[in-house]
Structure formats: structure tokens, C-alpha cells
2 protein chains.
Amino acid sequence: MKVSIKLADLTTDGILSAACPSRIVLDHVTSKWGVLVLVALSEQSLRWGELRRMVEGVSEKMLAQTLKVLEQDGFVLRVAQPTIPPRVDYSLTDRGRELTDRLLPLMEWITANAGEILA
Amino acid sequence: MKVSIKLADLTTDGILSAACPSRIVLDHVTSKWGVLVLVALSEQSLRWGELRRMVEGVSEKMLAQTLKVLEQDGFVLRVAQPTIPPRVDYSLTDRGRELTDRLLPLMEWITANAGEILA
DNA sequence: GAAGGTACCCACTTCTAGGTAAGCTGGTGG
DNA sequence: CCACCAGCTTACCTAGAAGTGGGTACCTTC
């Protein structure tokens with residue numbers, strides 16, 4: 001019941017309609033590195049360098065760009081300490097945690113089934 | 001407890017490692033049109049033309065390409081009736097349904113919060 | 001006999017996400 | 001005095017994602 005109502009919303013004026021703002025957020029979240037950064041931060045807050053090492057394969061440019069978008073959308077909090085050398089910590093906001101609560105089950109399932117799927 | 005174990009898997013040898021096959025499946029699922037096609041099919045099975053109209057903005061080429069990938073990954077079932085004019089029905093497989101079970105909560109949340117996020 | 005409906009495929013072009021590599025800051029250790 | 005740390009920024013370039021416009025098959029209806 002509840003599900004069918006939500007589905008109706010999704011498929012009528014929801015994410016399937018081209019003009020819906022959710023398309024933009026969807027692009028941000030499902031961007032190549034967006035998901036991975038969110039997953040990495042879901043475990044604990046991390047510094048720039050830790051993130052870079054953790055999310056294997058990400059370039060500095062793309063990490064910076066991805067973090068900027070996620071920060072603008074209010075998913076990620078950036079805390080810079082004006083020390084030398086600089087130290088910047090990234091963590092999830094409450095909104096970010098709401099997102100990852102829904103993202104992690106998906107990622108876990110994909111990780112668990114990827115082998116079988118590609119076979 | 002359960003969660004922390006799963007998270008450990010994800011962040012050590014899981015999706016964050018560059019060589020993990022889950023990266024490939026992730027790209028398929030989170031491709032621009034992949035998500036939307038899966039959402040559309042989650043409600044009911046649809047014919048080619050219905051899908052095209054439902055997923056606003058998708059071109060024929062991209063719809064065909066997306067469906068081919070989702071079919072190869074075993075998420076979508078393609079049933080062609082050799083009638084004239086041709087009729088092709090697309091539906092979710094069991095595996096596809098497992099996926100959308102985890103995908104829909106995310107999409108619903110994004111759709112519900114997109115306005116606030118972009119503000 | 002002309003037009004249209006359905007589900008595509010292919011060649012060509014465009015665009016943009018993403019990769020690469022360099023530079024910048026300003027103290028601190030050699 | 002030079003290199004080095006961390007955390008970026010910038011300019012440049014390319015591969016592949018995506019759009020465009022055509023064609024195809026076969027039968028039905030006008």
C-alpha cells in the first residue's frame with residue numbers, strides 16, 4: 001500500500017520525468033566517485049589523504065570535485081584546520097547519513113553478487 | 001554488529017578497491033539511464049515503446065544500449081513475440097527485483113528530498 | 001500504392017566526465 | 001637554501017558517453 005503510493009509518485013511526477021530536480025541529485029550521488037566517497041565516509045570521518053588512498057583509483061582532481069558537489073548538496077561536512085601543514089577532515093552530515101543508510105544495503109548487495117552477475 | 005562486519009568487507013576488499021568486479025556492476029546500475037529503467041520496470045513489465053515514453057528524455061539508442069546491458073547482467077528479461085508488428089516485453093528477473101528492492105528506497109528518498117537539497 | 005505502426009540498428013557527430021601533470025602555499029627538517 | 005609535507009587549483013587533452021538522423025522489416029489500414 002505505502003509502497004504503491006510511493007511508486008506512483010516516482011513514476012508519474014518523480015524521477016522519471018525529465019524536469020524533476022531529483023534527476024540532478026541522482027546524477028551527483030550516482031556519479032562515478034560520489035558513491036564510493038559516500039561509502040568510505042559512512043564508516044568514519046576521513047582526511048583528504050586518507051580518502052584519496054581509500055577510494056582506489058580516484059584522481060586528486062576528481063576527489064576535490066566530487067567532495068565539492070557533495071558538500072554543496074549538504075551530504076558532507078568539510079572541516080579545515082588552519083594549521084601548517086593543513087589538515088582537513090571530511091565527515092557525513094545528518095543528511096548524508098540518511099542517504100548512506102539507503103545506499104549501503106544496495107552497495108552490499110552489489111558487492112556480494114557482482115561475481116555471479118558478471119559470470 | 002552485522003552492519004560493521006559488512007562495512008568492513010565493503011571498505012577493505014569491497015567496492016573501494018579498484019580491481020573489484022563490483023565496480024563494473026556499479027557502473028552498469030548507476031549509469032545515467034540504468035537506474036531509471038529499473039525504476040520504471042519495478043512497477044510493472046513494459047513494452048519498448050512504453051519504456052521510451054515513461055523514461056522521459058531517453059533516446060532510442062541509449063534505451064537499447066541500457067536494456068542490453070541490464071539484460072546481460074540478468075536484471076531484465078526480454079520477451080519478443082514474433083508477431084507483426086513486433087511486440088517486445090521487458091520485465092525484471094528475480095535478480096532484478098532483488099536489486100530494485102534496494103534501489104527504490106534510495107530513489108524515494110532522493111525524490112522526496114531533492115528540492116530541499118538543491119535549495 | 002502510399003502511409004504508418006513497432007522495435008530496433010548503424011554511421012556520424014558532439015559533448016562532457018574524467019585523466020594527466022604541473023604549480024602553489026608556507027612553515028619545517030636536512 | 002632546497003626539498004618536502006598536505007591539500008588543493010589550474011590548464012590541457014582524450015576516450016567514451018550520449019545525441020542525431022537515417023534505414024530496415026513486415027504487415028495493416030486508408
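Here is how names work: the chains are called A, B, and so on, in the same order as the sequence lines, proteins then strands, and each is numbered from 1. Since the model is a prediction, treat every value here as computed from it, not as a measurement.
No continuous path of ILVMFWY side-chain contacts below 4.5 Å connects A:V88 to A:V79, so the two sit in separate hydrophobic clusters. The hydrophobic cluster containing B:L99 does not contain B:V69, counting ILVMFWY residues as joined when their side-chain heavy atoms lie under 4.5 angstrom apart, directly or transitively. Under a hydrophobic-cluster definition in which Ile, Leu, Val, Met, Phe, Trp and Tyr are linked whenever side-chain heavy atoms come within less than 4.5 Å, directly or via other members, B:L63 and B:L41 are assigned to the same cluster.
Side-chain N or O atoms of A:T93 include one that pairs as donor or acceptor with a backbone N or O of A:G74 at under 3.5 Å. Side-chain atoms of A:R95 come within 3.5 Å of backbone atoms of A:D73 as a donor-acceptor pair (strictly under, hydrogens ignored). When atom types are taken as modelled, the side chain of B:R23 and the backbone of B:I15 share a donor-acceptor pair closer than 3.5 angstrom.
Note on A:R47: a side-chain N or O is less than 4.0 Å away from OP1 or OP2 of D:dG7. Side-chain nitrogen and oxygen atoms of A:R78 include at least one within less than 4.0 Å of the OP1 or OP2 phosphate oxygen of D:dC8.
Straight-line distance from the CG atom of B:L36 to the C1' atom of D:dA18: 14 Å, rounded to whole Å. Here C:dC9 presents its P atom at 10 Å from CG of B:L67, a figure rounded to the nearest Å. Separating the CD atom of A:E50 from the P atom of D:dG7 is a distance of 8 Å, rounded to the nearest angstrom. The CG-C1' distance, from A:L63 to D:dA6, rounds to 13 Å in whole Å. What separates CD of B:Q81 from C1' of C:dG5 is a distance of 16 Å, to the nearest Å. Put simply, NZ on B:K68 is 12 Å from C1' on C:dA7, counting in whole angstrom units. We find that CG of A:D89 is positioned 12 Å from C1' of D:dG7, with the value rounded to whole Å.
Remark: B:E50 CD is packed, more than 12 non-hydrogen atoms of other residues, nucleotides or ligands lying under 6.0 Å away.
No engagement by A:R52 is indicated, since no non-hydrogen atom pair under 4.0 Å with the nucleic acid exists.
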Could you walk me through whether B:V37 and B:V58 pass the side chain to side chain contact (heavy atoms under 4.5 Å, CB included) check? CA-CA 10 Å; B:V37 166; B:V58 71; 5.9 Å; no

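Among the nucleotides C:dC8, D:dG7, D:dT9, the one closest to any side-chain atom of B:W48 is C:dC8.
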Counting primed atoms, P, OP1 and OP2 as sugar-phosphate and everything else as base, the B/S/- map of nucleotides 22-30 of chain C against protein heavy atoms under 4.0 Å is ----SS---

With the criterion being N/O to N/O and under 3.5 Å, what pairs connect the protein with nucleotides 13-18 of chain C, and how long is each?
from	atom 1	to	atom 2	distance (Å)
C:dG18	N7	A:K61	NZ	3.2
C:dG18	O6	A:K61	NZ	3.4

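The two atoms that bring A:S91 and A:S45 nearest to each other are CB-CB, 3.5 Å, heavy atoms only.
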